[in-house]
Amino acid sequence: VNVPLKRGTSGERYEEIFVSKIQQILQRFEPDAIVFVCGADSLKNDPRGGFHLNYKNVANCANFLKLLQKPMLILGAGGYNFVQTSVCWAAVTAKLLNVSLPADIPEHEYYEYYGPSWRF
């Protein structure tokens, strides 16, 4: 399902629309499983995106789908700022697995790109 939204749509508004549209889809189609394409190009400051979402908004949408208790396939897509994209996908994975992320980004080969805060 593709829902056209205006550039600059806030994360909170996106979540509201997401929940509303998913509820409509569930009523109409009664799916047995869900494929969630987690497009990180929806994040604020993505060079190709236009929305103002943060990783928490995307993780909240994924969690809403999880609460439906249907088999789910989660796919990563988009995301042209690799730092934002990796943080987003880590947050989505953590939310779905009920795992807390550490406050600080662990040191690794690309650690320097996560500054100046080096935090999730």
- Query: Any side-chain donor-acceptor pair under 3.5 Å between Asn57 and Lys44?
  - Reply: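 There is no such pair (donor and acceptor under 3.5 Å, judged by atom type) between the side chains of Asn57 and Lys44.
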- Message: Could you check whether Tyr114 and Ser86, counting side-chain N and O atoms only, form a donor-acceptor pair closer than 3.5 Å?
- Response: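 Short answer, yes.
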Evaluate the side-chain proximity of [Y] to [X]: yes if any heavy-atom separation is below 4.5 Å, no if none is.
X	Y	result
Val58	Leu53	yes
Asn45	His52	no
Gln23	Phe64	yes
Val37	Ile74	no
Phe18	Leu65	yes
Met72	Phe36	yes
Ile34	Pro71	no
Leu43	Cys88	yes

Give a yes or no answer on whether the side chain of [X] reaches the backbone of [Y] with a donor-acceptor pair at less than 3.5 Å.
X	Y	value
Thr85	Asn81	yes
Trp89	Ala40	no
Asp41	Arg48	no

Is there a path of hydrophobic side-chain contacts, each under 4.5 Å between heavy atoms, that joins [X] and [Y]?
X	Y	answer
Val19	Leu67	no
Ile25	Val35	no
Leu73	Leu68	no

- Looking at Arg7 and Gly49, what are the two nearest heavy atoms and their distance?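 For Arg7 versus Gly49, the nearest heavy atoms are NH2-O, 3.4 Å.
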- Item | Shortest non-hydrogen contact between Cys38 and Val92, atoms and distance |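 Minimum heavy-atom separation between Cys38 and Val92: SG-CG2, 3.9 Å.
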Does [X], at its [atom1] atom, have more than 12 non-hydrogen atoms belonging to other residues, nucleotides or ligands within less than 6.0 Å?
X	atom1	answer
Lys66	NZ	yes
Tyr80	OH	yes
Lys70	NZ	yes
Tyr110	OH	no

Roughly how far, to the nearest 0.5 Å, is [atom2] of [Y] from [atom1] of [X]?
X	Y	atom1	atom2	answer
Lys95	Ser100	NZ	OG	9.5 Å
Phe120	Lys56	CZ	NZ	12.0 Å
Ile22	Leu26	CD1	CG	6.5 Å
Tyr55	Asn60	OH	CG	10.5 Å
Asn98	Asn63	CG	CG	7.5 Å

- Could Arg119 and Asp104 be called an ion pair, given the rule that one side-chain N must be under 4.0 Å from one carboxylate O?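 Salt bridge between Arg119 and Asp104, a charged N being under 4.0 Å from a carboxylate O: yes.
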- How far apart are the C-alpha atoms of Val87 and Ile105, what are their side-chain angles, what is the distance that settles it, and do they pass the side chain to side chain contact (heavy atoms under 4.5 Å, CB included) test? CA-CA 9 Å; Val87 168; Ile105 302 285; 4.2 Å; yes
- Message: Among residues at least two apart in sequence or on other chains, which ones pass salt bridge (Lys or Arg N to Asp or Glu O under 4.0 Å) with Glu16?
- Response: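 If we apply the salt bridge (Lys or Arg N to Asp or Glu O under 4.0 Å) test to Glu16, skipping adjacent residues, the hits are Arg13.
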